[in-house]
Peer 1: 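Just passing along the structure, written as structure tokens.
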Amino acid sequence: MVAGQIVSRGVEAPAVLRAMRSVPRHVFVPEGERARAYDDSPLSIGRGQTISQPYIVALMTELARLDPTSRVLEIGTGCGYQTAVLAACAGSVWTVELEPELAEKAAKTLAVLGVSNVHRRVGDGSLGWPEAAPFDAILVTAAPADVPPALWDQLAVSGRLVIPLGTSHQDLWVFTREPDGMRRESIIPVRFVLLR
């Protein structure tokens, strides 16, 4: 998976590649999907949500430019796979999931894997996690039409927001907070479930 789907598409950050090799993707997907866990595609995880294709998980993690001291906010825990990859690359992860059932399953899987640097919450991800801000990186794993204002406010100076934007047409964007404003870069077209 890592060689054929990720390195071949240009992801090269060593910490990201180590995380993608070490986090067992199959334990995060429903039993009926496990034969396809390492396929180059998103998979259903229930409640109308998906686990992103491996390349997108790796790309978004690389775009966040994490180091072992980074404080990361993830909007949309889902099954917890992206969470686990972030946790392997960063110091601490705060993750918010709207669906209680998915949040509980993700928490159990992360606990089984011994991931201990993740703080989790059930709630509206568009509000972020203000009392833990500011964050060095914010990753959003569902697409709003526009960036939720609370996320701007919770991004540290020099921090990076990695987010899919759009409804019928979506692009993956990176916003970097600078002392005098926000720098933005469009990366690739994507398809995510909508942020609710």
Side-chain angles (χ1 to χ4, degrees), residues 1-29 33 36-45 49-68 70-91 93-97 106 110 115 118 125 135-144 146-148 151 155 158-167 169-177 182-195:
M1 176 188 81
V2 174
Q5 300 175 34
I6 296 168
V7 175
S8 66
R9 287 180 173 134
V11 175
E12 56 188 26
V16 175
L17 298 179
R18 281 195 301 272
M20 296 301 295
R21 289 187 178 104
S22 64
V23 176
R25 184 174 162 90
H26 64 277
V27 304
F28 291 92
V29 303
E33 297 280 12
R36 301 179 56 218
Y38 296 94
D39 287 0
D40 186 22
S41 62
L43 299 170
S44 173
I45 57 171
Q49 306 298 305
T50 60
I51 178 175
S52 294
Q53 74 186 101
Y55 167 65
I56 292 295
V57 172
L59 176 64
M60 291 179 72
T61 305
E62 182 174 63
L63 290 170
R65 295 190 184 166
L66 305 177
D67 66 43
S70 296
R71 295 164 45 85
V72 183
L73 174 64
E74 178 191 37
I75 304 305
T77 315
C79 64
Y81 178 64
Q82 174 77 81
T83 316
V85 172
L86 293 172
C89 297
V93 179
W94 284 257
T95 186
V96 184
E97 172 55 50
L110 292 168
V115 178
V118 171
F135 298 99
D136 301 305
I138 300 176
L139 266 78
V140 183
T141 64
D146 297 295
V147 176
L151 301 187
L155 190 63
S158 300
R160 293 168 69 84
L161 168 64
V162 183
I163 184 170
L165 291 177
T167 51
H169 172 82
Q170 298 173 6
D171 289 297
L172 185 64
W173 288 82
V174 177
F175 296 86
T176 305
R177 185 167 199 162
M182 197 72 71
R183 180 163 45 88
R184 65 189 66 205
E185 180 184 3
S186 177
I187 306 300
I188 57 169
V190 288
R191 170 56 63 193
F192 280 77
V193 297
L194 299 181
L195 183 67

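For the single chain, residues carry numbers from 1 onward in sequence order.
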Peer 1: Do L165 and F175 come close enough that some side-chain heavy atom pair is under 4.5 Å?
Peer 2: yes
Peer 1: At their closest point, which heavy atom of T77 faces which heavy atom of A106, and how far apart are they?
Peer 2: CG2-CB, 3.8 Å
Peer 1: Given T61 and L66, is the side chain to side chain contact (heavy atoms under 4.5 Å, CB included) satisfied, shown in steps?
Peer 2: CA-CA 8 Å; T61 305; L66 305 177; 4.3 Å; yes
Peer 1: Check whether any side-chain heavy atom of V115 lies under 4.5 Å from a side-chain heavy atom of V23, and answer yes or no.
Peer 2: no
Peer 1: With a 4.5 Å cut-off on side-chain heavy atoms, are V11 and L17 touching?
Peer 2: yes
Peer 1: Just verifying a value: how many Å separate I138 CD1 and L155 CG, rounded to the nearest 0.5 Å?
Peer 2: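 It comes to 5.0 Å.
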Peer 1: Once you round to the nearest 0.5 Å, how far does CD of E33 lie from OG of S44?
Peer 2: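 Reported value, rounded in 0.5 Å steps: 6.0 Å.
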Peer 1: Using side-chain heavy atoms (C-beta onward) and a distance below 4.5 Å, is F192 in contact with S52?
Peer 2: yes
Peer 1: Among residues two or more places apart or on two chains, list those pairs meeting side-chain hydrogen bond (donor to acceptor under 3.5 Å, both in side chains) that have a residue in residues 183-194.
Peer 2: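 Applying side-chain hydrogen bond (donor to acceptor under 3.5 Å, both in side chains) to every pair that reaches into residues 183-194, excluding sequence neighbours, yields E178-R183.
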Peer 1: What's the verdict on side chain to side chain contact (heavy atoms under 4.5 Å, CB included) for L194 and Q170, showing C-alpha distance, side-chain angles and the deciding distance?
Peer 2: CA-CA 10 Å; L194 299 181; Q170 298 173 6; 3.7 Å; yes
Peer 1: If you look at every heavy atom in S158 and T176, which pair is closest and at what distance?
Peer 2: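 Of all heavy-atom pairs spanning S158 and T176, the closest is O-CG2, 4.2 Å.
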Peer 1: Would you say that I188 contacts I56 through its side chain, given a criterion of any heavy-atom pair below 4.5 Å between the two side chains?
Peer 2: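 Contact flag for I188/I56 side chains = yes.
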Peer 1: Kindly compute the distance separating CE (M60) from CD1 (I187), expressed to the nearest 0.5 Å.
Peer 2: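 The CE atom of M60 sits 10.5 Å away from the CD1 atom of I187.
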Peer 1: Measure the spacing between CD1 of I163 and CG of L63 and express it to the nearest 0.5 Å.
Peer 2: 13.0 Å
Peer 1: Counting heavy atoms not belonging to R177, are there more than 12 under 6.0 Å from its CZ?
Peer 2: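 Enclosed.
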Peer 1: What's the separation between atom OG1 in T95 and atom CD in Q82, rounded to the nearest 0.5 Å?
Peer 2: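 T95 OG1 to Q82 CD: 9.0 Å, rounded to 0.5 Å.
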Peer 1: Without swapping roles, check the side chain of Q49 against the backbone of G78 for a donor-acceptor pair under 3.5 Å.
Peer 2: no
Peer 1: Taking all non-hydrogen atoms of both residues into account, name the closest pair between V190 and D171 and its distance.
Peer 2: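 So the two residues come closest at CG2-C, 3.8 Å.
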Peer 1: Have a look at L73 and tell me which of L139, L161, V96 forms a side chain to side chain contact (heavy atoms under 4.5 Å, CB included) with it.
Peer 2: V96
Peer 1: Going by heavy atoms in the side chains, are L86 and S70 under 4.5 Å from each other?
Peer 2: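 Side-chain contact under 4.5 Å: no.
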Peer 1: So do the side chains of P148 and I75 get within less than 4.5 Å of each other, counting heavy atoms only?
Peer 2: no
Peer 1: What are the two closest non-hydrogen atoms of A58 and V16, and how far apart are they?
Peer 2: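 Shortest heavy-atom separation between A58 and V16 comes out as O-CG1, 3.6 Å.
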Peer 1: Where the side chain of E62 meets the backbone of E12, is there a donor-acceptor pair that is under 3.5 Å apart?
Peer 2: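 Judged by distance alone, yes, a pair lies under 3.5 Å.
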Peer 1: I need the full list of side-chain hydrogen bond (donor to acceptor under 3.5 Å, both in side chains) pairs touching residues 15-28, with sequence neighbours left out, sorted by first then second residue.
Peer 2: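 Residue pairs with at least one partner in residues 15-28: H26-Y38.
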Peer 1: Distance from T141 atom OG1 to Y81 atom OH, nearest 0.5 Å?
Peer 2: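 Those atoms lie 14.0 Å apart.
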Peer 1: Is any side-chain heavy atom of P54 less than 4.5 Å from a side-chain heavy atom of I6?
Peer 2: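 SC-SC contact between P54 and I6 confirmed.
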Peer 1: Of all heavy-atom pairs between P164 and A142, which one has the smallest distance, and what is that distance?
Peer 2: CG-O, 3.7 Å
Peer 1: Going by side-chain hydrogen bond (donor to acceptor under 3.5 Å, both in side chains), name the residues that satisfy it together with D40, two or more places apart in sequence or in a different chain.
Peer 2: R9, Q53
Peer 1: Tell me the closest heavy-atom pair linking L110 and A84, and the distance in Å.
Peer 2: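 For L110 and A84, the tightest heavy-atom pair comes out as CD2-CB, 3.8 Å.
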